[in-house]
Every structure is written in C-alpha cells, then in structure tokens.
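To start, the structure under review is shown below, and the notes come after it.
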Number of protein chains: 2
Amino acid sequence: MFDVKYDSGVPIYLQIIHLIRQKIVSGEWAPGSRVPGVRDLAIEFGVNPNTMQKALSELEREGLLYSERTAGRFITENTGIIDAARERLAGQVLAEFIKQMAQMGFTRERTIKLVESAFENHAGLSKREENS
Amino acid sequence: MFDVKYDSGVPIYLQIIHLIRQKIVSGEWAPGSRVPGVRDLAIEFGVNPNTMQKALSELEREGLLYSERTAGRFITENTGIIDAARERLAGQVLAEFIKQMAQMGFTRERTIKLVESAFENHAGLSKREENS
DNA sequence: ATTATTGTATTATGTGCTTAATACAATAAT
DNA sequence: ATTATTGTATTAAGCACATAATACAATAAT
C-alpha cells in the first residue's frame, strides 16, 4: 500500500517519517483522528514494528502525533503545529529543488516552463485545495 | 570546501556521487579534464579515501568518469553520456519536486509562484547558461 | 474478573557504511 | 635506475539500521 524504497540508501524509518508527515500536513490524515496501531502500520508499510515505532516516536517528538497509553495514537489537534510543519517542509522542498536546478545550469525561465508542463499529472490528489 | 552532511541519513558516498555528478552535468568539471586523485578528493571532501573510491567507482560505472591506470582519473569526453545524465537527473529532480508539492496540497499556480520568487538567489552560478 | 489491544522496552543477529592502516601494481617524473 | 604518484585491493574495527522474538504495563472490551 505504501511504497517504501529499500534501495535508495535512505533509512526506511526516515522515509516513513517523511511519508506520514506529508499525510498529516496535506490533511489526508485529519487533526485529532486516530492512526492505526504500530503493528498494523508496520504491516501496511511492510516493515518491522520496531522500525515503525522508531518513526512514530520521532513524529511524536515533533508534536505531530501523541499517544494515549492504550487507546492508541492520534494526530495532534494543534493545527498551528501542522501548519508550521507544512511551511517548513514546503520551504525545504522548494529550496532544494531550486538549488538542484540552478546547480545543473537551468535558468529560472526554463525551470518554470518545466514545472508548468510537469504539474499536469498530479492534480486533485490532495484534500487540501489551496494553501494561500 | 564541499559540504557533505553527515546527519541527513543519506550515506556519504551517495551524497558525494550526487555532488560530483552535478559538477559534471553542469559543466563546472569540463569533459576530458582531469579530476584530483582519490586521496586529494578525500581530503577536500573530508572523508576517508575508501569512501571516495567507492563514490568514484560508481561514477565510473555510469560512464561519467574513467581512470588511466597511473595518470589519474578524467571526465568522459563523451558529451552524449553527460547530456543524457543531465536530462535524467533533471527529470528525477523535477518529478520529485512536483510530487512533493502536490502531495502537500499546493496547486500548480501556487507552486509556480513560489518557484518564480525563490529562484532569485541562485542566478549565474553555473558555467552552463542555457539547456534548451 | 478475564481477555484482548494498546504503547513500550529489551536482547540478539545480520548487514551496510565509514574509518583506519596497509599493501601492491603500473607508470610518470627525476 | 630510482622515486613518487596513481588507482586498486585487503583486513579489521566501530557504528547505525533493520529484523526477529519476546516481554511488560495499562486499559478498553467482554
């Protein structure tokens, strides 16, 4: 169900953190809602429960998740934290992209053209329609 | 001189491969030109010679570098390989960017605006002025 | 009260990354 | 001819990641 790449060199638990963080900041996983248990998530992602636990602990440390002893784990209701995480993440993704393209010698105009023509195949996948 | 991040979770040798690959596809390291020896490069990047060797071997496998037994290592003169590598790399970087932004709920228009305003701080760093 | 489910912790094993310390072969420089 | 420099290979050690197999504590469900 979730595509964790074992061959990218990036530790799996970091990839999972990134995937879940995006589900939260995109609103696909709504604030306050419960997330599956560690064992179920481990199965869904096809990883060991310990690895999933490691990822969830980190997201908890970031304040995006919190655990209720035996009831399970939930997305934070604090939308401020979520919004901040989205801004921060978007900024990082954007900066990295610009840096890479510039480093490869692509001009601003050419890069924009590429973005314009490449964005078509990704419309309407998220529950968030606008972030202005 | 070169900023290798030890804390990103990405293996150092992969980061080095990426950095050098970009130097080649951007033209900063010209086709046919000699690159420093493994030991010197290791010092410049602040890593172990073995780690640098591992990175260089992979770039050699890709055809971007070749080694002349005792004379040293050189960038390929085959600009076709370099161009192909640049197209491939640019495509990956672009696709990843679009995917991330779309996943976070950013629209095409908002993304383009962000790219437009963010590209200012990176002008004129490369020797390649245009890739059209 | 008992059972099942939750998060959490522990110990062990295997693998890949990184450094370290050498050593060797080939050849350019002297 | 000798020396220095090049790429390359080997062995050992430490560390983080990932899996496996359990176990425990707390509490919701029965």
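Chain naming here is simple, since letters A, B, ... match the order of the sequence lines and numbering starts at 1 in each. Because the structure is a prediction, the values reported are computed rather than measured.
- Note on B:Thr51: every side-chain N or O is 4.0 Å or more away from OP1 and OP2 of C:dC17.
- Whole-Å rounding puts the B:Glu58 CD to D:dT8 P distance at 14 Å.
- Using a 4.5 Å cut-off on side-chain heavy atoms (C-beta onward), A:Leu41 and A:Leu56 make contact.
- In this structure the side chain of B:Glu77 reaches within 4.5 angstrom of the side chain of B:Tyr66, judged on heavy atoms.
- Within the 4.5 Å cutoff, the side chain of B:Phe45 has no heavy atoms near those of the B:Gln15 side chain.
- Taking both residues in full, the closest heavy atoms of A:Gly9 and B:Leu14 are given as CA-CD1, 3.8 Å, listed atom of the first, atom of the second, then distance.
- Between the CG atom of A:Leu59 and the P atom of C:dG7 there is a distance of 14 Å, rounded to whole Å.
- Remark: C1' of D:dC17 and CD1 of A:Ile16 are 12 Å apart, rounded to the nearest angstrom.
- B:Leu59 has its side chain out of reach of B:Ile16: every pair of non-hydrogen atoms, C-beta onward, lies at least 4.5 Å apart.
- Put simply, CD on B:Glu60 is 10 Å from P on D:dG7, counting in whole angstrom units.
- In this structure, A:Asn48 atom CG and C:dA12 atom P are separated by 17 Å, rounded to whole Å.
- Side-chain contact between B:Glu62 and B:Ile81 is absent, with no heavy-atom pair separated by less than 4.5 Å.
- Here D:dT5 presents its P atom at 12 Å from CD1 of B:Ile43, a figure rounded to the nearest Å.
- Contact annotation: the side chain of A:Val93 never approaches that of B:Glu96 to less than 4.5 Å [non-hydrogen atoms, C-beta and beyond].
- Taking a pair as Watson-Crick or G-U with both hydrogen-bonding distances under 3.5 Å, the stems of three or more pairs touching DNA chain D are C:1-30 with D:1-30.
- The interatomic distance linking A:Leu41 (CG) with D:dT19 (P) rounds to 14 Å, in whole Å.
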Within the sub-3.5 Å range, which N or O atoms of nucleotides 1-4 of chain C have a protein N or O partner, and how far apart are they?
none

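- The heavy-atom pair separating A:Ala85 from A:Val25 by the smallest distance is CB-CG1, 4.0 Å.
- Here B:Glu116 does not pair with B:Lys113 in a salt bridge; the nearest charged N to carboxylate O distance is not below 4.0 Å.
- Residues from residues 65-78 of chain A with heavy atoms under 4.0 angstrom of DNA chain C, sorted by number: A:Ser67, A:Arg69, A:Thr70, A:Gly72, A:Arg73.
- Nearer to the 5' terminus of DNA chain D, by closest-nucleotide assignment, is the contact made by B:Gly37 (compared with the other of A:Arg39 and B:Gly37).
- Residues B:Thr76 and B:Ile24 are not in side-chain contact: their nearest non-hydrogen atoms beyond the backbone lie 4.5 Å or more apart.
- Under the side chain to side chain donor-acceptor pair (under 3.5 Å) criterion, B:Glu60 pairs with B:Ser67, B:Arg73, sequence neighbours left out.
- A heavy-atom distance below 4.5 Å is found between the side chains of A:Met101 and A:Leu114.
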Distances for protein N or O near nucleotides 10-16 of chain D N or O, under 3.5 Å:
none

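- Residues passing the side chain to side chain donor-acceptor pair (under 3.5 Å) test with A:Gln22 are B:Gln100, sequence neighbours excluded.
- For A:Lys23 against A:Ser26, the heavy-atom pair with the smallest separation is O-OG, 3.2 Å.
- As rounded to whole Å, 16 Å separates atom P of D:dC17 from atom CE of A:Met52.
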